[in-house]
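The structure appears right after this line, and notes come after that.
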Amino acid sequence: MQQITISDLKNFVGQEVTLYGWLYHKRSSGKIKFLVLRDGTGYVQCVYFKGNVSDEIFDIADRIGQESSIIVTGKVKQEPKAPGGYELDATDLKIIHETHDYPITPKEHGIEFLLDNRHLWLRSKRQVAIMRVRHRVVKAIRDFFDGKGFTLMDAPILTPNAVEGTSTLFETKYFDLGSAYLTQSGQLYAEAGAMALGKVYTFGPTFRAEKSKTRRHLTEFWMVEPEVAFADLNDDMDLAEEFLEYIVQTVLKEKEEELKILERDTTKLQNVKRPFPRIHYNEAVEILKKHGVEFQWGNDFGGGDETVISEQFDRPVMVHHYPAEVKAFYMKRDPQDERFALAVDVLAPEGYGEIIGGSQREDDLDILLKRIAEHNLPQSAFEWYLDLRRFGSVPHSGFGLGLERTVSWICGLEHLREAIPFPRLIYRNTP
RNA sequence: UCCGCGAUAGCUCAAUGGUGGAGCAUCCGGCUGUUAACCGGAGGGUUGCAGGUUCGAGUCCUGCUCGCGGAGCCA
């Protein structure tokens, strides 16, 4: 008897096979029982007729509870009515572990209950589909950069200094050196990498101790940050749009089944093709005014503002030249107009907001020193970073893409917490 | 941190200030093609915690705890 997976059933029609998995769902009708098996690769209905199997096997099928782990043997049958197209005419059933009273039933549950049971919730169809898409997005990210001559060069997670104020940093004791902080961004280290390798990217978890309590925030999330030497803001935008197009089109092509399970309207994703609209901050402000939004020039956009702006377009929109005041110290200012930073945010459609933030970096030592002073940052903490401008400084640019926001957008999720296996939220760090 | 909402059976919810219910889950019984199957029956409650008002509080009032939605901030 051949042991196979549910995803391989199509190659074994008419043959008797053995599947290992968990009981996902059960229906019975007197002398016939329908056991839906899941094995991580898919779902298949196994049909047990009384008479075709021994009474003992039939009793097991009757008795075992949802999520019991079992070994099923039977003949593969094509069944147009079955989801997936195949069904198992079962001949045998063995128990690996019998269980009862599994907490997550086929009926609806509240979000608190589901998050308390996240370790079990992950077994459900929808969550499995999301994790598959997440995995494919991660692979697409790596394939894209690897294929373009980038080197993966990860940044440290424990960092020595409170760079942009301690209020949003997680602090931890660090032996005799006092405190260390969980990284908020690998960018400064990526810049060092770009000066060594030309094109690099960091990809890992980042941490923000912001007391944010919205569907768009996690305290721990994953970010990919490419950094390119000899690249200006336009090069940065070129890279960002090619990157996003590649991710979305790849997932559309390869995770069709999962997006269907998630009931994602993929027509909106089909549009994600170059070129993306590029608008100046001033144009974005005009759009807000035209739509009756009260907005003070010079401010950053809020979530609602971003939605209004992105609704004007059928694909991601790149907003560039933000007022320098609201942007980070390391962003280079526009030599034509010092009020603006050479920065870009990419706003996803359908209200998903900012998924990419990037900029051309300040490469002049003296200007950077001035910015550090203006932001009341401790220069000593940045001496290593300033060295990058002392020894062979070049124009360079990069951006950061939030993985969970991207997954959330592609999957059409209501909340970021479903886009990561074990979400960390302001009032939750379990399981 | 601020604004708003909520906490009742394992889960999702209902209950005019007057004997706390339903669906699902569980258990028992029925059904040879079910798709969140269906039909009949049973068990299951310190109504988040602490006070108060009242003849009487799940319901009204005060405080607390926990959670949810949003804002600000950000990816």
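Chain naming here is simple, since letters A, B, ... match the order of the sequence lines and numbering starts at 1 in each. Keep in mind the model is a prediction, meaning the values are calculated, not measured.
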Out of C68(B), C73(B), U32(B), whichever nucleotide has its closest atom nearest the side chain of F49(A): U32(B)
Between the side-chain atoms of R405(A) and the base atoms of C74(B), is any donor-acceptor pair under 3.5 Å? yes
Under 3.5 Å on both distances, the Watson-Crick or G-U partner of U26(B): A42(B)
Pick base, sugar-phosphate or nothing for I356(A), based on heavy-atom distances below 4.0 Å to the nucleic acid. sugar-phosphate
With rounding to whole Å, what would you report as the distance between C60(B) and G43(B) at their P atoms? 31 Å
Between G6(B) and G44(B), how far is it from one P atom to the other, in whole Å? 31 Å
Is the centre of the F113(A) ring less than 6.0 Å from the centre of the W121(A) ring? no
Rounded C1' spacing from U16(B) to G58(B) in Å: 14 Å
Exactly one candidate in E258(A), E418(A), E404(A) meets side chain to side chain donor-acceptor pair (under 3.5 Å) with R134(A); the answer is E404(A)
Roughly, in whole Å, what's the span from CG in L114(A) to P in C68(B)? 12 Å
Counting only distance, no hydrogens or angles, is the base of C24(B) paired donor-acceptor with the side chain of T105(A) under 3.5 Å? no
Would you classify H109(A) as touching base, sugar-phosphate or nothing, given that sugar-phosphate means primed atoms plus P, OP1 and OP2, and contacts are heavy atoms under 4.0 Å? sugar-phosphate
Identify whether NZ of Lys or CZ of Arg in K125(A) sits under 6.0 Å from the centre of the six-membered ring of Y43(A) and within 45° of that ring's axis. yes
Rounded off to whole Å, could you give me the NZ-to-P distance for the K26(A) and G33(B) pair? 18 Å
Which of the following nucleotides, C31(B), G69(B), U26(B), is nearest to the side chain of S29(A)? C31(B)
Paired nucleotide for C73(B) [Watson-Crick or G-U wobble; both distances under 3.5 Å]: none
Under a 4.0 Å N-O cut-off, is there an ion pair linking E242(A) with K148(A)? yes
Please measure how far the C1' atom in G21(B) lies from the corresponding atom in U59(B), and state the result in whole Å. 15 Å
Does K33(A) reach a base, just sugar-phosphate, or nothing at all? Heavy atoms under 4.0 Å. nothing
Has F221(A) got its ring stacked on the base of A75(B), with centres under 5.5 Å and planes less than 30° apart? yes
If I take atom NZ in residue K31(A) and atom C1' in nucleotide G30(B), what distance separates them, rounded to the nearest angstrom? 10 Å
Contact class for D300(A) vs. all strands (heavy atom < 4.0 Å): base, sugar-phosphate, or nothing? sugar-phosphate
Now, which nucleotide makes the Watson-Crick or G-U wobble pair with U32(B), with each of the two distances under 3.5 Å? none
Does the plane of the ring in F144(A) sit parallel, tilted or perpendicular to the ring in Y246(A)? Use 30° and 60° as the thresholds. tilted
Using a 4.0 Å heavy-atom cut-off, does Y427(A) contact any base of the nucleic acid, only the sugar-phosphate backbone, or nothing at all? sugar-phosphate
Between E220(A) and F113(A), just flag the one whose closest nucleotide in RNA chain B comes earlier from the 5' side. F113(A)
Is there a side-chain contact between F422(A) and L122(A), using heavy atoms and a 4.5 Å cut-off? yes
Base-pairing mate for G58(B) - Watson-Crick or G-U, with both contacts under 3.5 Å: none
Atom-to-atom span, OH of Y43(A) to P of A36(B) - whole angstrom: 14 Å
Which part of the nucleic acid, if any, lies within reach of Q45(A) when heavy atoms closer than 4.0 Å are counted: base, sugar-phosphate only, or nothing? base
Do we get K33(A) above Y48(A)'s six-membered ring, with its NZ or CZ under 6.0 Å from the centre and within 45° of the axis? no
Among C74(B), G33(B), G69(B), which nucleotide has an atom closest to any side-chain atom of R208(A)? C74(B)
Nearest-angstrom distance, P atom, U19(B) to C39(B): 30 Å
Between P103(A) and R428(A), just flag the one whose closest nucleotide in RNA chain B comes earlier from the 5' side. P103(A)
Choose from G33(B), G70(B), C73(B) the nucleotide whose nearest atom is closest to any side-chain atom of K77(A). G33(B)
Please name the nucleotide paired to G4(B) by Watson-Crick or G-U wobble geometry with both distances under 3.5 Å, or report none. C68(B)
May I ask you to check whether F276(A) and F313(A) place their ring centers less than 6.0 Å from one another? no
Using the P atom in both, what is the distance from A75(B) to C2(B), to the nearest Å? 25 Å
Rounding to an integer number of angstrom, what distance separates U46(B) and U32(B) when you compare their C1' atoms? 48 Å
Taking a pair as Watson-Crick or G-U wobble with both distances under 3.5 Å, which nucleotide is matched to G20(B)? none
Residue F34(A), side-chain heavy atoms: nucleotide from C73(B), U34(B), G69(B) that is nearest: U34(B)
Give I104(A) one of three labels, base, sugar-phosphate or nothing, depending on what nucleic acid heavy atoms sit under 4.0 Å from its own. nothing
In this structure, how many angstroms lie between the P atom of C68(B) and the CD atom of E418(A), rounded? 13 Å
CD of Q66(A) versus C1' of G10(B): gap in Å, rounded? 13 Å
Identify whether any heavy atom of R417(A) sits under 4.0 Å from a base atom; if not, whether one sits that close to sugar-phosphate; answer base, sugar-phosphate or nothing. sugar-phosphate
Under 4.0 Å between any heavy atoms, over every strand shown, what does E112(A) touch: base, sugar-phosphate, or nothing? Just pick one. sugar-phosphate
My understanding is that a pair needs two contacts under 3.5 Å, Watson-Crick or G-U wobble. By that rule, which nucleotide pairs with A14(B)? none
Would one find a side-chain N or O of K211(A) under 4.0 angstrom from OP1 or OP2 of U1(B)? yes
How long is the line joining CD of E306(A) and C1' of G70(B), in whole Å? 15 Å
Examine the base of G33(B) for any acceptor or donor lying under 3.5 Å from a partner atom in the side chain of E87(A), and report the outcome as yes or no. yes
With heavy atoms under 4.0 Å as the rule, sort S28(A) into base, sugar-phosphate or nothing. base
Write down the distance separating the P atoms in G17(B) and A57(B), rounded off to the nearest Å. 14 Å
Would you call E241(A)-R274(A) a salt bridge at under 4.0 Å N-O? no
